[in-house]
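Scope of the values below: all heavy atoms of this structure, side chains included, with no hydrogens, waters or symmetry mates.
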Amino acid sequence: MLHLLNLLAAIALLVWGTQTVRTGILSVFGESLRHILATSLGSKPRALLAGLGVTSLVQSATATCMIVASFLDRNLVTTSAALTVMLGADVGSSLMAVVFSLDLSWLSPLLIFVGVVLYVSRQKTTAGRLGRVAMGLGLITLALQLIIQNTRPMIEAPAIRGLLVALPNEVLFDIVVGSFLTVMAYSSLAIVLLTATLAVSGLVPETVALGLVVGANLGSGILAVLTTAKAPIEARRLPLGNLLFKIAGAIVAIPFLPHVHDLLLEWVGSIDQQVVLFHLCFNVGLAGLFVALTGPMGKAMDRWMVAPTNLANLRPQHLDLVALSTPSLAISCAEREALHQADVIETMLRGVLPVIRNNDLVLAEQLRQQDDTVDDLYTAIKLYLTQISRESLSESESRRWTDVMSFTINMEQVGDIIERILQDVEDKKIRKDRSFSEAGMAEIVHLHERLITNLRLGMSVFLSSNVREAKRLLEEKARFRELEHEYATSHLNRLQDNTAESIETSSLHIDLISDLKRINSHICSIAYPILESAGALSQTRIRASRFAPLEEEPARDKTRSSRG
């Protein structure tokens, strides 16, 4: 019983080690790896190499699948190119299995010692995160040694020997077991390494080990399908297509397993090396066999999995809970949902002018209800972001986390202002049957048009972090403020001229242009973190703002005393 408990602990340590390496690599190189994948999809050889290289680093073809699936969700790549990356990713995972099957017992204590020292002493730095990776690698090699030590006594048990006798001829059963273990462990690499270690200890016959390896490959495909089950349909095309390739490869491989076993016995002496080399050859063969078919498979996935056109467009669509284990990917999900929130804001803002012009109470009510949607999206994004481990974020990812949070706060406040505008228009204009003067209406239309343009520019700045566009957005803030003062003065002049419409709607007119300016200030606040990161903010304004009275600006501006 004690040996079984020690074996289970060693297996858990192996799984934990692979998870630690993946998390550490993604926290240090997450954005770089996504960039490598995004820029390597132009040709099949580069896509294969990109998938191989990235997966060799993150120790997980499933993690690579999720990153590439996010590109599909945004229509940045074709399904066929993404499938090519995944064929390379599976080869990369099998290469790492070969490396870890080598005798690295001398390396394990060194990696754990160096990793712990770096992680404890410099936890929040890049060196500390690399220390975490070193710890994970050391834990993997240590776990493999412990598995070997604890399986040897178990082989002598009569019950286990009797079970092993019944397994060799049940290839399909072996594949099912391998798939199940992979899904449960969340790592095909861990299961292949475990299988190799059990085989070398004699606990698992070699023929059974080969079936378990095929099952581990199928399990990784099933795992990717399960982890993207709630993702948009565009993102689900990749894991399903990759799983179909794996199923086809397994069907082709099963009749040849006895012959493969004989060849491995003849050419490879070590049992564990036979297992991991079979794993490598299986995935290399899979890539060679199906790389030419990624185009037809991609087109088939696009035809079979078409996004419905009548989906509700106001609920959270991109906050994938599974992506929380991959911080860079989770932040990307939050970015997309924040843009979805901004799209709802744009719909509300565009509807304000027809309400004012046409006295449309029905439209006003519909737009006010959309503010509840904006609030719900804000809450969902905020809760999602707080579930991302800040310790796993790199410096740039931490800044982006803050940017997304700030953006959603500003959008939520814009929604509240629009709702208040609509209520004021109802109470002070529509229900009292009043009208703006022709000149006053023209001023409101002009401010509204600039506001829509600035919102689109702000969304672009948020998405691209372009410094030049951020400066332009900040210039628009100053221009809008000048227009607000100019139009307020013009309104006062009309009051002096005793313009009837201006007198009736005076309070509403002044409040309206003031609220539009406040909305614009929230939108332009998007530029501040980009300019701050680039060192493009003027230090003189920080000192000046201590003495100059602050205008009515959004909460973000008030917390940053440097920007009035």
Side-chain angles (χ1 to χ4, degrees), residues 37 40-41 43-56 60-72 77-97 171-172 175-176 178-180 182-183 187-189 191-192 210-229 231 233-257 260 278-305:
L37 287 173
S40 301
L41 297 172
S43 66
K44 288 185 178 180
R46 283 197 302 169
L48 280 171
L49 290 175
L52 188 155
V54 170
T55 306
S56 297
S60 173
T62 303
T64 305
C65 180
M66 291 175 65
I67 294 173
V68 181
S70 71
F71 296 158
L72 273 176
V77 299
T78 63
T79 308
S80 60
L83 287 169
T84 305
V85 172
M86 286 310 303
L87 291 175
D90 292 329
V91 175
S93 179
S94 59
L95 274 176
M96 294 312 299
V171 177
L172 293 179
I175 292 175
V176 171
S179 300
F180 175 77
T182 299
V183 172
S187 172
S188 61
L189 174 63
I191 297 305
V192 170
L210 299 185
L212 291 175
V213 168
V214 175
N217 279 276
L218 284 181
S220 67
I222 295 171
L223 184 61
V225 170
L226 293 176
T227 54
T228 57
I233 196 165
E234 294 85 358
R236 301 202 301 268
R237 293 169 184 162
L238 172 61
L240 181 59
N242 188 49
L243 176 60
L244 292 177
F245 278 153
K246 290 177 181 290
I247 292 174
I251 293 173
V252 172
I254 288 174
F256 295 98
L257 287 182
V260 171
F278 169 71
H279 179 46
L280 176 61
C281 292
F282 178 83
N283 283 290
V284 170
L286 208 66
L289 186 63
F290 294 117
V291 69
L293 300 177
T294 54
M297 177 62 79
K299 292 177 181 178
M301 290 294 103
D302 293 340
R303 287 196 306 270
W304 296 341
M305 304 180 71

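- Between A97 and H279, the shortest heavy-atom contact is CB-CD2, 4.0 Å.
- Of the inter-residue distances, the one linking W304 atom CH2 with L240 atom CG reads 8.0 Å to the nearest 0.5 angstrom.
- Residues V91 and A287 come closest through the heavy atom pair CG2-CB, 4.2 Å.
- Nearest heavy-atom pair across L293 and P296 is O-CD, 3.3 Å.
- Using a 4.5 Å heavy-atom threshold, the side chains of V214 and L210 count as separate.
- Considering CE of M305 and OG1 of T79, their distance stands at 9.5 Å, rounded to 0.5 Å.
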Set out, in order, the CA-CA distance, both residues' side-chain angles and the distance that settles side-chain contact (heavy atoms from CB on, under 4.5 Å) for I175 and I254, then state yes or no. CA-CA 10 Å; I175 292 175; I254 288 174; 3.6 Å; yes
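- Atom CG of L189 and atom OG1 of T182 lie 10.0 Å apart (nearest 0.5 Å).
- For N242, there are no side chain to side chain donor-acceptor pair (under 3.5 Å) partners at least two apart in sequence or on another chain.
- For L244 against M297, the heavy-atom pair with the smallest separation is CB-CE, 3.9 Å.
- With hydrogens and angles left out, the side-chain atoms of N283 and N217 include a donor and acceptor closer than 3.5 Å.
- Taking the side chain as every heavy atom from C-beta outward, M86 and P239 never approach each other to under 4.5 Å.
- The shortest side-chain heavy-atom distance between V213 and F282 does not fall under the 4.5 Å cut-off.
- Using a 4.5 Å heavy-atom threshold, the side chains of S220 and S93 count as separate.
- Residues V291 and L83 are not in side-chain contact: their nearest non-hydrogen atoms beyond the backbone lie 4.5 Å or more apart.
- L238 is not listed as a side-chain neighbour of M301, based on a closest heavy-atom distance of 4.5 Å or more.
- Between V192 and L212, the closest side-chain pair of non-hydrogen atoms is not below 4.5 Å.
- Among L289, V284, T294, L52, the one residue that satisfies the side-chain contact (heavy atoms from CB on, under 4.5 Å) test with L87 is T294.
- For the atom pair CG of D302 and CZ of R237, the computed distance is 4.5 Å after rounding to the nearest 0.5 Å.
- Partners of S94 by side chain to side chain donor-acceptor pair (under 3.5 Å), not counting sequence neighbours: none found.
- Listed here is the closest heavy atom pair of S179 and I222: CB-CD1, 4.4 Å.
- Put simply, the side chain of L257 reaches to within 4.5 Å of the side chain of F278, judged on heavy atoms.
- The minimum heavy-atom distance between L218 and L243, with the atom names listed, is O-CD1, 3.9 Å.
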